[in-house]
Amino acid sequence: MLRLPLSVASPAGARGRLSILIFHRVLPAPDPLFPDLPDAAAFETRMRWVRDWFNVLPLGEAVERLYAGTIPRRALAITFDDGYADNEELAAPILKRLGMSATFFVSTGFLGGGCMWNDRVIEAVRACEQPVLDLHAIGLDVYPVATAAERRQAIDLVLGRIKHLDQAQRQATADAIVVAAGNKPSPPLMMQPQQVRSLRAMGMEVGAHTVTHPILTRLGADAAWAEMHEGKAALEAMLGEPVELFAYPNGVPQQDYAAEHAAMAKACGFKAAVSTAWGAASMRSDRFQLPRFTPWDRSRLRYGARLLTNFKRAEARAA
């Protein structure tokens with residue numbers, strides 16, 4: 001039984017550990033371009049496994065109990081990043097039905113049915129009716145896109161090339177790719193403000209994720225502060241309550257954010273912040289750089305084994 005080794009790896013009290021899962025989307029049906037993204041049925045199955053094995057807590061409560069030394073054994077919190085509409089439409093109702101909660105980190109600049117730069121690229125390539133996508137004019141390559149496998153490879157290559165451009169150049173490049181692929185409208189993938197309020201009404205937590213989802217290390221200090229502070233303020237005005245949790249966009253330590261941004265998160269008034277570094281948190285962890293990860297396996301056995309392995313990552317990181 002998985003509970004026994006998990007209880008050893010994640011005991012209660014001062015030696016306790018906290019696993020934090022990170023998701024982005026839950027789809028209504030499987031996506032052949034992104035088979036690792038869960039659809040609603042797959043997500044519910046995996047959340048039932050998680051409920052069987054872990055004590056699932058709201059992230060805010062879990063963090064406070066971790067540092068107070070009162071966290072239960074096998075503690076886990078669930079998070080979502082960015083603010084996709086399917087989070088409110090599909091993921092949150094599943095979690096509520098299962099008696100579970102999650103924290104949804106929202107980039108406020110895309111609310112109102114927006115589409116983030118990476119999704120604009122993905123959907124442009126998906127909709128491209130040409131067998132080849134020629135991006136030489138914008139400093140990229142020529143990509144075959146006749147099959148689903150070719151489209152996925154093109155998406156991965158293009159996103160990898162432009163992810164760490166400065167914000168204005170990245171947006172301009174995404175715009176140019178949309179035009180080159182046929183100039184079809186980008187779909188409205190992100191939540192409406194009312195959906196953010198609906199998450200709270202369902203008992204979910206809402207956290208901040210900047211305004212425009214920039215790579216913070218590519219910004220000057222004033223711009224980074226504005227992204228963090230203004231995203232928090234917009235959500236607080238929307239919800240009428242403090243927003244106390246923050247997720248770094250992209251979230252890789254030293255690459256996407258640095259120690260100065262962790263200090264900014266504290267100065268902004270957040271009580272904790274999460275990265276995308278693997279591992280499980282302990283009382284020794286920096287509460288403004290808490291680790292998160294996502295098990296990607298499809299079978300119950302492998303999914304559980306991946307969750308257990310994550311604790312070994314935490315031990316190595318703390319050493």
K163 vs N250, side-chain contact (heavy atoms from CB on, under 4.5 Å): CA-CA, chis, key distance, verdict:
CA-CA 10 Å; K163 177 184 288 188; N250 224 47; 3.6 Å; yes
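- Of the inter-residue distances, the one linking Y257 atom OH with Q289 atom CD reads 3.5 Å to the nearest 0.5 angstrom.
- In summary, the aromatic rings of F43 and F80 are positioned with their centroids under 6.0 Å apart.
- Hydrophobic clustering (side-chain heavy atoms under 4.5 Å, transitive across Ile, Leu, Val, Met, Phe, Trp, Tyr) groups M100 together with L90.
- When all heavy atoms of A148 and L33 are compared, the closest pair comes out as O-CD2, 3.3 Å.
- You'll find the side chain of K184 stays beyond 4.5 Å of the side chain of E123, heavy atoms only.
- W117 and Y248 fall into different hydrophobic clusters, where Ile, Leu, Val, Met, Phe, Trp and Tyr residues are linked whenever their side-chain heavy atoms come under 4.5 Å apart, directly or through other members.
- In this structure, R302 places its CZ atom where only 12 or fewer heavy-atom neighbours from other residues, nucleotides or ligands lie under 6.0 Å away.
- Residues L95 and A102 share a closest heavy-atom pair of CD1-CB, 3.6 Å.
- If you take CD on E205 and CG on L199, they are separated by 11.5 Å, rounding to the nearest 0.5 Å.
- Between C268 and M228 the shortest heavy-atom distance is SG-CB, 4.1 Å.
- A cation-pi arrangement is absent between K232 and F246 under the rule of less than 6.0 angstrom and at most 45 degrees off the ring axis.
- Under a hydrophobic clustering in which Ile, Leu, Val, Met, Phe, Trp and Tyr are joined whenever their side-chain heavy atoms come within less than 4.5 Å, directly or via other members, W278 and L66 fall into different clusters.
- Between I122 and L159, the closest side-chain pair of non-hydrogen atoms falls below 4.5 Å.
- Between the side chain of R292 and the backbone N or O of S275 there is at least one donor-acceptor pair closer than 3.5 Å.
- For the pair R17 and F311, the cation-pi test (distance below 6.0 Å, angle within 45°) is failed.
- Side chain of Y143 to main chain of V125: no donor-acceptor pair is present (N/O by atom type, distance under 3.5 Å, no hydrogens or angles).
- For the pair D52 and R48, the salt-bridge criterion is not met [side-chain N within less than 4.0 Å of a carboxylate O].
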Test side-chain contact (heavy atoms from CB on, under 4.5 Å) on L189 and M116; report intermediate values, then the result.
CA-CA 8 Å; L189 296 179; M116 296 177 67; over 6 Å; no
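- Annotation for R46: atom CZ counts as buried by contact number, over 12 foreign heavy atoms lying within 6.0 Å.
- Put simply, the side chain of D86 never gets that close to the backbone of L27: no donor and acceptor are under 3.5 Å apart.
- Although no hydrogens or angles enter the test, the distance criterion places a donor-acceptor pair under 3.5 Å between the side chain of R161 and the main chain of G139.
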Steps toward side-chain contact (heavy atoms from CB on, under 4.5 Å) verdict (M238, L111):
CA-CA 11 Å; M238 192 179 303; L111 292 175; 3.5 Å; yes
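- Cluster annotation: L290 is not connected to F104 through the hydrophobic network of ILVMFWY side chains, with a link wherever side-chain heavy atoms come within less than 4.5 Å.
- No more than 12 heavy atoms of other residues, nucleotides or ligands lie within 6.0 Å of CD in E129, so this atom counts as exposed by the packing criterion.
- Under a hydrophobic clustering in which Ile, Leu, Val, Met, Phe, Trp and Tyr are joined whenever their side-chain heavy atoms come within less than 4.5 Å, directly or via other members, V50 and I22 fall into different clusters.
- Contact between L21 and P295 at its shortest, heavy atoms only, is CD2-CD, 3.7 Å.
- The CG atom of L2 sits 7.5 Å away from the CG atom of L307 when rounded to the nearest 0.5 Å.
- More than 12 non-hydrogen atoms from other residues, nucleotides or ligands lie less than 6.0 angstrom from NE2 of H24.
- Considering only heavy atoms from C-beta on, E44 stays 4.5 Å or farther from M47 through its side chain.
- Here the closest non-hydrogen pair linking L57 and S101 is C-OG, 3.9 Å.
- Rounding to the nearest 0.5 Å gives a distance of 10.5 Å between OG1 of T45 and CZ of R300.
- Interatomic distance, D256 CG to T217 OG1, rounded to the nearest 0.5 Å: 6.0 Å.
- Residues D82 and M190 form a side-chain contact, since some pair of their non-hydrogen atoms from C-beta on lies under 4.5 Å apart.
- Dense packing is recorded around CG of D36, with more than 12 heavy atoms of other residues, nucleotides or ligands lying under 6.0 Å away.
- Using a 4.5 Å heavy-atom cutoff, the side chains of T212 and P249 are not in contact.
- With hydrogens and angles ignored, the 3.5 Å screen pairs a side-chain donor or acceptor of E227 with a backbone N or O of V211.
- Under the 4.0 Å criterion applied to side-chain N and carboxylate O atoms, E88 and R197 are not assigned as salt-bridge partners.
- For the pair D286 (side chain) and F288 (backbone), a donor-acceptor distance under 3.5 Å is present.
- At least one side-chain heavy atom of I177 sits less than 4.5 Å from a side-chain heavy atom of L140.
- Taking a 6.0 Å sphere around CD of E89, one finds it holds more than 12 heavy atoms contributed by other residues, nucleotides or ligands.
- We find the CD1-NE2 distance between I215 and H164 to be 4.5 Å, quoted to the nearest 0.5 Å.
- Residues N87 and V106 form no side-chain contact, since every pair of their non-hydrogen atoms from C-beta on lies 4.5 Å or further apart.
- The nearest pair of heavy atoms linking G60 to L245 is N-CD1, 3.8 Å.
- A donor-acceptor contact shorter than 3.5 Å links the side chain of R51 to the backbone of L98.
- Formation of a donor-acceptor pair under 3.5 Å by the R65 side chain with backbone atoms of G69 is not found in this model.
- In this structure, D31 does not pair ionically with R25, as no charged nitrogen and carboxylate oxygen lie closer than 4.0 Å.
- Checking side-chain atoms of Q195 against main-chain N and O of Q192 turns up a donor-acceptor pair under 3.5 Å.
- At least one donor-acceptor pair closer than 3.5 Å links the side chain of E150 to the backbone N or O of A146.
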Please lay out, stage by stage, how I20 and V274 fare under the test side-chain contact (heavy atoms from CB on, under 4.5 Å).
CA-CA 9 Å; I20 307 173; V274 293; 4.2 Å; yes
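- Within the 4.5 Å cutoff, side-chain heavy atoms of V158 are placed close to those of L135.
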